Number of protein chains: 2
Amino acid sequence: MGDDKTKQPRRRILETAITLFAQKGFDAVGVREIAKHAEVNISMISYYFEGKIGILKAIIEEFHNKYFEVISQVLSRSLTQEQVVRQLVTQIVNFIRENTNLTMVTIHSLPLDIPEIAALKTDRVNKLIDGIGELVRQYGLDPDNKGVFAIVGPAIISSILAHFRFKPVQKNILQIEFDDAFYDRYIDTLTTFFLYGLKGIIEKYQPAKGDNFENHC
Amino acid sequence: MGDDKTKQPRRRILETAITLFAQKGFDAVGVREIAKHAEVNISMISYYFEGKIGILKAIIEEFHNKYFEVISQVLSRSLTQEQVVRQLVTQIVNFIRENTNLTMVTIHSLPLDIPEIAALKTDRVNKLIDGIGELVRQYGLDPDNKGVFAIVGPAIISSILAHFRFKPVQKNILQIEFDDAFYDRYIDTLTTFFLYGLKGIIEKYQPAKGDNFENHC
DNA sequence: GTTTGGCTCAAACGATTGTTTGAATATAAA
DNA sequence: TTTATATTCAAACAATCGTTTGAGCCAAAC
């Protein structure tokens, strides 16, 4: 954190802030703390980001750019439906593992009323939903059926995120090694859970479109 | 918000803080804002709660007390497994609907490093996990198999919470009426999702214990 | 050599923060 | 009625907050 001075100051500020915001929350971290750890002067924050809120904006945009790319890659492939679910879970989990703090900061800001980033949030989430709509269509779920769409989409992404949000507390309790083996198991477990769960939903809510879903039972 | 002066000042402070914290986050809300809306003097916060952090502690404890009660009621009944899942989802969704802000503040604090509440969080989550362990055992999931337990538990509760976390953003985008009908659908959809998903997991990871799970396929 | 633009700095600013303090008021108990 | 306890108040405090400002340094361009 901030000890690699070959990086550009702007990058150092950003990465330091990502770490600190993820750990303590945006409002609990001051510009002096960020500047100190990033080894820059505090006026650099206004200079490079137009102020503290500008850091948060940059973080959220970086998250969405990266995340959207991951989703798009999976969508652009011709795979079976099971393969797509597995790929999607795998890619997302790997993405979050590599960008845990970036993800946490972004997700953490979603429910909060922060006027300066409201438009950014709406815009970015809107774009994500459009992107995922195509995936949903492939699954016999009707993206125009907003009731189901509004339920299943958030449920799935939140399931994937669950571990990472609970991890700081869970780590003290369950005495589990969160190593590669654990994450392989994580991906496999969630993929199974989703495949069966989605099959159940398609059978129940859109039986006419369930024909192209492979039978795993 | 703070306009019912028949309530005790302590209660008014607590409820006001729950609302404001849920909306903006703990650190973004100052004691003067809370006091103003609760129509009390700011020194009341130190008097009744020993300071601002004491409010957060009280909120978290209130959440856990209420939530644990909901879970316990469902666990104490002799129901089929499907009934328990349905009951649990229903009770939790209704609980969150009635205590949305209380839930949001508590869940929101989980990933953050706030030293003053670290022990409280660990203690309370530990207690919850113990309580849920009994439920898990009823489902043929082995609570001593911490890998699966650590994955499925958080995934399920996060799925249920998903809507409520995304709701502030989603509300601007999807133009859905979040009325009783929506929540009935919500409960039904998630229950279906979980039942099928759990069946898949039991078949895959604990086939020897899957005998008592009804076949929905 | 001079000018220009970009980067960095320390000091300063006005505002805000949570907590404390001692006095005043209200309530309960003797 | 008096005394003790609990509640409430406004002022004050030290610390911290994010932003700004003007100066200084450096490299590139003229």
Side-chain angles (χ1 to χ4, degrees), chain A residues 1-60 105 108-109 112-118 120, chain B residues 2-60 105 109 112-118 120:
Chain A
M1 180 165 34
D3 55 357
D4 185 359
K5 248 185 144 168
T6 59
K7 281 181 187 168
Q8 302 291 342
R10 186 183 190 279
R11 190 70 213 169
R12 292 207 312 275
I13 295 171
L14 195 65
E15 293 182 357
T16 302
I18 288 170
T19 301
L20 292 172
F21 290 168
Q23 190 182 359
K24 303 181 184 179
F26 174 74
D27 291 296
V29 180
V31 288
R32 286 169 178 82
E33 187 176 0
I34 298 169
K36 181 181 173 185
H37 284 99
E39 293 183 294
V40 298
N41 185 279
I42 57 173
S43 60
M44 295 300 91
I45 288 171
S46 290
Y47 183 79
Y48 285 111
F49 294 96
E50 298 182 356
K52 190 180 169 191
I53 195 69
I55 304 181
L56 187 58
K57 284 181 185 173
I59 290 172
I60 291 169
V105 176
H108 201 74
S109 70
L112 301 180
D113 177 19
I114 306 173
E116 298 95 329
I117 64 169
L120 176 64
Chain B
D3 57 357
D4 184 359
K5 252 193 139 163
T6 58
K7 280 184 190 169
Q8 302 291 342
R10 187 184 188 280
R11 189 70 213 167
R12 291 207 311 278
I13 295 172
L14 195 65
E15 294 183 355
T16 302
I18 288 171
T19 302
L20 292 172
F21 290 168
Q23 189 182 358
K24 303 180 185 180
F26 172 73
D27 290 297
V29 180
V31 288
R32 285 168 179 83
E33 188 177 0
I34 296 167
K36 182 181 173 185
H37 284 100
E39 294 183 293
V40 297
N41 185 278
I42 58 171
S43 60
M44 295 300 90
I45 289 173
S46 290
Y47 183 78
Y48 285 111
F49 295 95
E50 297 183 358
K52 190 181 169 191
I53 195 70
I55 304 181
L56 187 58
K57 285 182 186 173
I59 290 171
I60 291 169
V105 176
S109 70
L112 299 181
D113 177 17
I114 307 174
E116 297 95 332
I117 64 170
L120 175 64

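Note that the structure is predicted; figures quoted are calculated from it, not measured. So that the names make sense, note that chain A is the first sequence line, chain B the second, and so on, each numbered from 1.
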Can you name the closest pair of heavy atoms from A:V31 and A:I42 and give their distance?
-> O-CG2, 3.8 Å
Rounded to whole angstroms, how far apart are CD1 on A:I114 and P on D:dG18?
-> 14 Å
How many angstroms lie between OG1 in A:T16 and CZ in A:F21, if you round to the nearest 0.5 Å?
-> 10.0 Å
Under a 4.0 Å heavy-atom cut-off, which of residues 43-56 of chain B touch DNA chain D?
-> B:S43, B:M44, B:Y47, B:Y48
Rounded distance in Å - CZ (A:R12) to P (C:dC7) = 14 Å
So which nucleotide from C:dC9, C:dT17, C:dT8 ends up closest to the side chain of B:R32?
-> C:dT17
Taking atom P of D:dC17 as reference, at what distance in whole Å does atom CG of B:D27 sit?
-> 11 Å
Restricting to pairs with a member in residues 40-57 of chain B, which pass side chain to side chain donor-acceptor pair (under 3.5 Å), not counting sequence neighbours?
-> B:N41-B:S43
A:K36 NZ - C:dC9 C1' separation (whole Å) = 18 Å
Give a yes or no on whether the backbone of A:E39 and the side-chain of A:R12 come within a donor-acceptor separation of less than 3.5 Å.
-> yes
Whole-Å distance, B:I42 CD1 to D:dT7 C1', equals 16 Å
Quick one: CD1 on B:I55 to CZ on B:R10, what's the gap to the nearest 0.5 Å?
-> 9.5 Å
Euclidean distance, B:S109 OG relative to B:L56 CG, rounded to 0.5 Å | 5.5 Å
Figure out the NZ/C1' separation between B:K24 and C:dT17, and round it to whole Å.
-> 15 Å
Using whole Å, report how far CD of B:E39 lies from C1' of D:dC9.
-> 15 Å
Grab the CG-P distance between A:N41 and D:dT19 for me, whole Å please.
-> 14 Å
